[in-house]
2 protein chains.
Amino acid sequence: MDEIDQTIVNLLRTDGRTSYAELARRVGLTAPSVQDRVSKLEKNGVITGYQAVVDPETVGLGITALIGIIPDNSADHLEICDKLRAIPQIESCYFLAGVECYQLKVRVPKMADLEKLIHQVSAIPGVAQTRTTITLSTKWEDRPQPVPPTELDYGVD
Amino acid sequence: MDEIDQTIVNLLRTDGRTSYAELARRVGLTAPSVQDRVSKLEKNGVITGYQAVVDPETVGLGITALIGIIPDNSADHLEICDKLRAIPQIESCYFLAGVECYQLKVRVPKMADLEKLIHQVSAIPGVAQTRTTITLSTKWEDRPQPVPPTELDYGVD
DNA sequence: TGGTCTGGTCGATCTCGTCCACCCGTCGAG
DNA sequence: CTCGACGGGTGGACGAGATCGACCAGACCA
C-alpha cells in the first residue's frame, strides 16, 4: 500500500470504470503492473467491489428514511442482524454506541412501503422500539474522500 | 426506462465494471445498443457515476461517526450546506425532518481527528448544537437493492 | 403511401485486457 | 563473494472488447 496504490484507489473511487491503461498513464506504470496492483488490492480486501451510483429518485426510490433501533435487554444481536439483512430495502446498517444501537438507512418507493417496513422491523424479536426520521433531501452521499497519507502500516501489505 | 434498462442498472449496481459485451450477453442485445442505453442512462441522470468500494479500515479510516446538527433559528441553510460540503471527511449529508435537521456520516483516521471535526462543524454559523454517535461497526453499507418494478413512469424517459 | 424517428444489428477498426517471457535490484545462505 | 530466489517492473503478442458508421425494421403520423 504505497503511494501509487493510494493514487490508484483514489482514482477508482472517483471513477470505478477507469481502464487499466488509463490508470497506468496516470501513475506512470504499464497496464499489466497496474492490473497486478489492483488485483492485489482486491485480494487484500482494500477494494471490495465496484458499483454504479444511481439517483434513487429516478429509479422509483423516492423516499429515504433513517431508522434507529432500541433493543430490549434480551436481544440476540446475531439474530437481529440476520433479520435486518434479509430486508433488501435496508441499504445500510450501522451498529452504534448509544441507546439506539442500530441505525438503518432505508429507501422505498412510497410512504405505504415505509410504513410496512417499520412494522416489519418492529416485529423482529429483540427490537423494543424504533424511531424513524424522514430525510427531506440527500445533500450528498458516499463522497469518496482521498485516502489519508499513511504514516503507519495498516496491516495490509 | 424499460425492463432491459432496469436489468442493466441492477447489474451495474452490483458490479460497476461489467463490460458492455457482458451486459449485452445478459440482456440479449448487442454491445453497441447496450452502450447506447447506458450512455442515455448517464445523460438522463439515472446513473450518476461509478465508484470502487473500499474497506475504510484498510485505508486508514478506522473511525466512523454519525453527527446530528441542531440549527439555531437564524440558520442560513445554504451557507451551512456549503460549509459542510467543504469538509472532505463528511462522506454523506442528509437534510432531515426533525429537530436535528442534518445528519452527517463522517470517517476519520483517529479519535483526535473526530474531535477536531466536531469543533469544526460546531463552529459553523447557524449550528446551535451537535450530537455525535460513534459507530462500533458497519454491518453493511450501500447495498444495492433491486430497482422496484416500475408501475409509473418516473419522469425520466 | 411515404417520411421520419427510435432503437436495433452488422462489420471494420482501434484500443484494451491479459498472458508470458524476460529483466533488474534486494536479500539471505552457503 | 557469489549464487539463487523473489518481488515488482517492462515489452510484445494475441484475443476480446469498445466504438463508430452504415444500414435496417417497426411505429407513428400526416
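Naming: A, B, ... by sequence-line order, numbering from 1 per chain.
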Donor-acceptor contact below 3.5 Å, side chain R17(A) vs main chain G16(B): yes
Main-chain N/O of V54(A) paired to T58(A) side chain as donor or acceptor, under 3.5 Å: no
Where at least one partner belongs to residues 123-135 of chain A, residue pairs that pass salt bridge (Lys or Arg N to Asp or Glu O under 4.0 Å), sequence neighbours excluded: E100(A)-R131(A)
Touch class at under 4.0 angstrom, heavy-atom based, for R25(A) against every strand present: sugar-phosphate
For the student: nearest non-hydrogen atoms of A24(B) and V34(B), plus distance: CA-CG2, 3.6 Å
Of P32(A) and K40(A), the one whose closest DNA chain D nucleotide lies more 5': K40(A)
Same cluster (ILVMFWY, side-chain, under 4.5 Å), V147(A) and L23(A): yes
Covered region of DNA chain D, 5' end to 3' end, by chain B [heavy atoms, under 4.0 Å]: dG17(D) to dC20(D)
Span of DNA chain C, from the first to the last nucleotide whose atoms fall under 4.0 Å of chain A heavy atoms: dC16(C) to dC19(C)
Salt bridge (Lys or Arg N to Asp or Glu O under 4.0 Å) evaluation trace for K105(B) with D142(A): CA-CA 9 Å; K105(B) 188 190 74 189; D142(A) 302 319; 3.4 Å; yes
W140(A) (side chain) donor-acceptor with I90(B) (main chain) under 3.5 angstrom: yes
Given DNA chain C, 5'-ward residue of the pair I4(B) and R17(B), judged by closest heavy atom: I4(B)
Trace of the salt bridge (Lys or Arg N to Asp or Glu O under 4.0 Å) decision for R85(A) with E91(A): CA-CA 9 Å; R85(A) 199 183 299 272; E91(A) 298 194 345; over 6 Å; no
